[in-house]
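Notes follow once the structure below has been shown.
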Amino acid sequence: MISDKPWWSESVIYQIYPRSFFDSNGDGEGDLPGVTSHLEHVQALGADAIWLSPFYTSPNKDGGYDVADPRDVDPRFGNLEDARAMIVRAHQLGLRVLVDVVPNHFSDQHPWFKDAISAKPGSPERDRFHFYDAKPDGTPPNNWISLFGGPAWTQIKTADGSSQYYLHLFDSSQPDLNWENKDLASDFEETLRFWLDLGVDGFRIDVAHGLAKENILVDHHDPQGLSDALRLDAQMSAEKRGELLASVPFFDRDGVHAVYRNWRKVFDSYNRDIMAVAEAWVHPPVRAMRYVRSDELQQVFNFDLLVAPFVATYLFKCISDTLEMLSEVDAPATWALSNHDTPRVASRHGANASRALALFVMALPGSCYIYNGQELGLPDAELADSVRQDPSFFRTKGVQKGRDGARVPMPWSGDKTPFGFSSGSPWLPIPNEWSEFSVDAQHADSASTLNLYRSALKIRKNNLVGAGEIEWVDRGETGLLSFARGEFAVYLNTSSAALEIPTVGTLALGSNFEITLLNGVLTLPAASAAWVAIR
Ligand code: NOJ
């Protein structure tokens, strides 16, 4: 089926966490040559594009999301030539390339911040960040807390004896940028053009909802007194997270949209299909639609499935609401079950349910994001506190374990850790029991998660892309969700009992081998999904 829509409207985008993908030089950390040499795995999976988390010059206090030079490659990942070679190879394999852009903050090692520290209060250098004097009692300018724990302000003293606080919504090594300063727009335009000129096809925009801050000199009192619990990776309920996101004066302010309208002009000035996807944790979900208005970005992440329980009625609401909202702004949906910031889907729901959910989601209209290792069914690794690196672990004094468990390197081959990832010692230990998860082991096993994803993505590309909207049939009341799309009927059983469903057609793909379709009855065991060819 050929679609006349742009590539990003219905694509499969594979997220590479470069530090954990493949290590080419034995230092224990993945790198760009390692990505280049293993892109065939991504192509064989059936993806259309890759998105790479940051590989820019960085002291790596927050996995590279603390950028010290956004227009260069950190030596741990290689150099600019390696980046160029990676982009060329991806394109040869038919894969588009998205890279991260991190506009909410820089690293404290960025020259701008170093200049700001040595400049005086009130100087143009300090104006690029949020520097303020302490309150008269010496405490920070307001009571905001960092999403990684602890206050969102750190005090610096300069040689002349003066002191000020600077704002950091994340780690103290990630000073927030002041987008009201005129240097910002031109500097980021330079960064966007730098990577576009090197050949990338678009961007994932980090903390896209955070660039505009309001009422900085006012303490924030949310109605429920919940602010202390605001964390990116908290195990909090979706409802509580939503209340917090909606109440804070530093997220999803109207001011952010002017930035994206300008960026859109930059993208459109290139004579090819450039796209950007916003990381915007907003509430209520309808607010996300503002990021994909016709003169802004092309996609906004839908994070609902990252935190959704495996409950059919809940999933129905989240998927149908999303599709309905997006149709109003004529933007494509995005579906993500895992990423580097949240517990992996196999750990949240277990092996069977996570395979079933993935199969169900891959039949939906829109784009699917697959986080490296998700196609292997990797769970989060259990890690000793002594090896953890996530700043949220340190800033919460271990109360939050952080995101390292979802960032453990990929197992590629062999029966002993580090499973072909590196000839050295991996930056996070890969559990000894992971041999069944390796790419080689799964390649050879027709029942593996890898082969399920490959089969699904092949059918998707040939028969579902461009097949239009879905027609809901079962909306979850009995634990069954189902819809018809194009030539397929798609079923998901989230209940703990098998369901027998009268169905006409042939079984095209099931999330496990116990699923049968005999004499017009589809038997769908607990936590399973199936695609049935009905035409
Ligand atoms: C979101 C990124 O995905 C996460 O990894 C990072 O810690 C924060 N933004 C801050 O940049």
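In each ligand, atom 1 is the first atom listed, and ligand 1 is the first ligand listed. In what follows, every heavy atom counts, from backbone to side chain, and hydrogens, waters and symmetry copies are set aside.
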Quick one: does Lys61 get within less than 4.0 Å of ligand 1, heavy atoms only?
no
Give the atoms of ligand 1, by number and element, whose distance to some non-hydrogen atom of Arg403 is under 4.0 Å.
4 (C), 5 (O), 6 (C), 7 (O)
Which of the atoms in ligand 1, numbered in the order shown and given with their element, are less than 4.0 Å from a heavy-atom of Val207?
9 (N)
Atoms in ligand 1 with a heavy atom of Phe170 nearer than 4.0 Å:
8 (C), 10 (C)
Candidate with minimal heavy-atom separation from atom 9 (N) of ligand 1, of Asp206, Val102, Asp62
Asp206
Side chains of Ser173 and Asp108, donor plus acceptor under 3.5 Å:
no
At what distance, to the nearest 0.5 angstrom, does CD of Gln374 lie from CG of Leu45?
9.5 Å
Side-chain (Asp66) to main-chain (Gly64) donor-acceptor, under 3.5 angstrom:
yes
Provide the number and element of each atom of ligand 1 under 4.0 Å from a heavy atom of Arg407.
5 (O)
Atoms in ligand 1 flagged as close to His340, the criterion being non-hydrogen separation under 4.0 Å:
2 (C), 3 (O), 4 (C), 5 (O)
Hey, is Phe148 touching ligand 1 through its side chain, its backbone, both or neither, going by heavy atoms under 4.0 Å?
side chain
Gln15 side chain to Asn339 side chain, donor-acceptor N/O pair below 3.5 angstrom
no
Report the residues that fulfil side-chain contact (heavy atoms from CB on, under 4.5 Å) with His110, sequence neighbours left out, ordered by chain and then residue number.
Pro70, Phe106, Trp112
Near His105 (heavy-atom distance under 4.0 Å), the atoms of ligand 1 are 10 (C), 11 (O)
Flag the pair Phe148 / Phe170 as yes when their ring centroid distance falls below 6.0 Å, and as no otherwise.
yes
Any donor-acceptor N or O pair under 3.5 Å, side chains Arg71, Thr191:
yes
